[in-house]
Amino acid sequence: MSEPKKEASEGKAKKKVPASAVIAVVAVAVIAVLVVVILHLLNPNDDNPPAGGEGVFVTEDNVNEVIDSMNEPISDASYTANMSNDWTFENGQAEAEGFYVKNSESNSRTVYFTLQLADTNEQIYSSPYIPVGGEMTSLTLDKDLEAGDYNVVMTYHLVDDERTELTTVSVAVAIHIKN
């Protein structure tokens, strides 16, 4: 009889990998994938923000809240200003020439506006309330300014029905005092 064949790789013994090592490698891989997914969820790509603002993840627990929030009125976040923005005064107490401000019919809120000198933030005028569709064609400053040219910040204050300020919109205006 012949002797049983010895394994071809007599000098190389087969090593068994312990099951615990395989489990450890798989666990590390799963943890790495979870970390990548969590980081992606926490830091979404800012180049493509969700349409309409913040994204919301809808679940069974919050579905009714989400539906209710969809029925809430949308904030009036925009404002159309119909106005002239270069005004001349004969002197610091005179009425402005070429002054015009209208609260457009396309707006949904009453407004008033204030004027502040751009360099000092000193308020030099505060208007009455202007309802939607209303306009002003005359303006005399609250402060008597000396002759010269002034850069002014005109801030529209949008208010609700109770005259509580909701938001503001600011524009640049040039004022010229002749004498």
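The basis for the numbers below is simple: all heavy atoms, side chains too, and nothing from hydrogens, waters or symmetry mates. Owing to the predicted nature of the structure, the values given are computational and were not obtained by experimental measurement.
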> Going through the checks in order, is the side chain to side chain donor-acceptor pair (under 3.5 Å) test met by S170 and T155?
Replying inline: CA-CA 4 Å; S170 296; T155 301; 2.9 Å; yes

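In the hydrophobic clustering of this structure, V169 groups with L115; members are Ile, Leu, Val, Met, Phe, Trp, Tyr whose side-chain heavy atoms approach within less than 4.5 Å, directly or through other members.
Residue pairs meeting the salt bridge (charged side-chain N to carboxylate O under 4.0 Å, His left out) criterion with at least one partner in residues 147-158, sequence neighbours excluded, do not occur; the list is empty. Each side chain to side chain donor-acceptor pair (under 3.5 Å) pair with one or both residues in residues 83-99, not counting sequence neighbours, appears once here: S84-W87, D86-H176, E90-N179, Q93-D144.
A distance of 11.0 Å separates OG of S104 from CD of E135, quoted to the nearest 0.5 Å. Note that the CG atom of L117 and the CD1 atom of I175 stand 7.5 Å from one another [nearest 0.5 Å].
Looking at residues two or more places apart in sequence or on another chain, you find a salt bridge (charged side-chain N to carboxylate O under 4.0 Å, His left out) between E122 and K143. Looking at residues two or more places apart in sequence or on another chain, you find a ring-ring contact (aromatic ring centres under 6.0 Å, His included) between Y125 and F113. In this view, E162 and D160, T164 satisfy the side-chain contact (heavy atoms from CB on, under 4.5 Å) rule, not counting sequence neighbours. Every ring-ring contact (aromatic ring centres under 6.0 Å, His included) that Y129 has, sequence neighbours left out, goes to Y112.
Side-chain atoms of M136 and I130, non-hydrogen and from C-beta on, do get closer than 4.5 Å to each other.
Side-chain atoms of N82 do not come within 3.5 Å of backbone N or O of N103 as any donor-acceptor pair. Q116 places a side-chain N or O within donor-acceptor distance of the main-chain N or O of N121, the cut-off being under 3.5 Å. Put simply, the side chain of N151 never gets that close to the backbone of D119: no donor and acceptor are under 3.5 Å apart.
Scanning all heavy atoms of the two residues, the minimum distance from K102 to G133 falls at CE-O, 3.7 Å.
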